[in-house]
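Below is one structure, written out as structure tokens; the observations come after it.
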Amino acid sequence: VQRAGTRGRTSARSDDPVRLVREHLMIDPRGQRFAATVTTVVLALVLLTGSVWLLAAQAGAFAVGAVAGVAASPYGRFYARAIRPRLRPPDEYEDARPPRFAQGVGLIFAMIGLAGLVAGWTVLGYLAVGAALGAAFLNAAFGICLGCEIYLAYRRTLPRLTEVSR
């Protein structure tokens with residue numbers, strides 16, 4: 001059962017949430033914010049140090065999150081094993097698809113940043129890293145996931161696009 005206007009969130013008491021979480025269809029939104037906080041710190045360090053290796057590691061974390069799901073990413077695994085057991089169960093779970101898409105968007109920006117820094121186009125590299133940092137900070141500090149919003153906007157327009165093509 002989904003509630004209107006909750007970015008794909010569902011009550012923790014609906015439709016066997018344990019099964020949905022185990023199948024990585026639903027996630028604890030606090031884990032997403034934790035991952036965004038770690039990402040914010042990592043990307044800020046990249047901007048301060050210019051470390052290509054640190055950016056490559058973050059790109060790897062984005063890639064795992066985009067391909068295997070945010071719960072399988074390094075930050076998601078750490079949250080699930082070290083932090084979540086110390087917290088009470090969440091009031092609601094969130095659809096895992098928008099954050100997974102957001103990880104793909106982060107990966108694109110990280111790869112552009114890597115290409116820029118490796119090729120010596122430092123302005124491009126820092127702009128891409130700065131954009132990813134801004135998005136991660138918005139999620140960490142305010143719970144605004146830009147990649148999730150892009151995914152949801154796309155999903156809302158998809159039915160209209162298929163109707164036009166018929």
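Because the structure is a prediction, the values reported are computed rather than measured.
- Shown are V129, V38, V42; of these, the side chain to side chain contact (heavy atoms under 4.5 Å, CB included) with Q58 is made only by V42.
- Taking each heavy atom of A66 and Q103 in turn, the nearest pair found is N-CB, 3.6 Å.
- I108 is not connected to V64 by any chain of hydrophobic side-chain contacts under 4.5 Å among Ile, Leu, Val, Met, Phe, Trp and Tyr, and they are in different clusters.
- From D28, atom CG reaches atom OH of Y93 across 6.5 Å, with rounding to the nearest 0.5 Å.
- Distance check, rounded to the nearest 0.5 Å: CZ of F62 to CZ of F109 gives 10.0 Å.
- Shortest non-hydrogen contact noted between P98 and L152 is CG-CD2, 4.1 Å.
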V70 and Q32: CA distance, side-chain angles, deciding distance, side chain to side chain contact (heavy atoms under 4.5 Å, CB included) verdict:
CA-CA 8 Å; V70 293; Q32 181 185 350; over 6 Å; no
Please determine whether side chain to side chain contact (heavy atoms under 4.5 Å, CB included) holds for the pair Y151 and R100, giving the CA-CA distance in whole Å, both sets of side-chain angles, and the decisive distance to 0.1 Å.
CA-CA 9 Å; Y151 174 85; R100 188 173 183 171; over 6 Å; no
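- With rounding to the nearest 0.5 Å, the separation of CG in L133 from CG in L138 is 9.5 Å.
- Only one option out of T39, T40, V41, L45 pairs with L43 in a side chain to side chain contact (heavy atoms under 4.5 Å, CB included); it is T39.
- Across L117 and G50, no two heavy atoms sit closer than the pair CD1-O, 4.5 Å.
- Minimum interatomic distance between A36 and N139 (heavy atoms only, all atoms of both residues): CB-CB, 3.7 Å.
- Remark: side-chain polar atoms of R33 are not paired, donor with acceptor, to backbone N or O of P29 under 3.5 angstrom.
- When hydrophobic clusters are built by joining Ile, Leu, Val, Met, Phe, Trp and Tyr residues whose side-chain heavy atoms come closer than 4.5 Å, directly or via intermediates, L54 is grouped together with Y126.
- Taking hydrophobic clusters as Ile, Leu, Val, Met, Phe, Trp and Tyr residues chained together by side-chain heavy-atom distances below 4.5 Å, M111 shares a cluster with L55.
- Under the 4.5 Å side-chain heavy-atom criterion for ILVMFWY residues, a single connected hydrophobic cluster contains both L146 and F142.
- Between F78 and F34, the closest heavy-atom pair is CD2-CZ, 3.6 Å.
- Under a hydrophobic clustering in which Ile, Leu, Val, Met, Phe, Trp and Tyr are joined whenever their side-chain heavy atoms come within less than 4.5 Å, directly or via other members, L124 and L127 fall into different clusters.
- Closest heavy-atom contact between G113 and A128: N-CB, 3.5 Å.
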Between R97 and F101, does a side chain to side chain contact (heavy atoms under 4.5 Å, CB included) hold up when you go through it step by step?
CA-CA 6 Å; R97 292 172 297 181; F101 178 84; over 6 Å; no
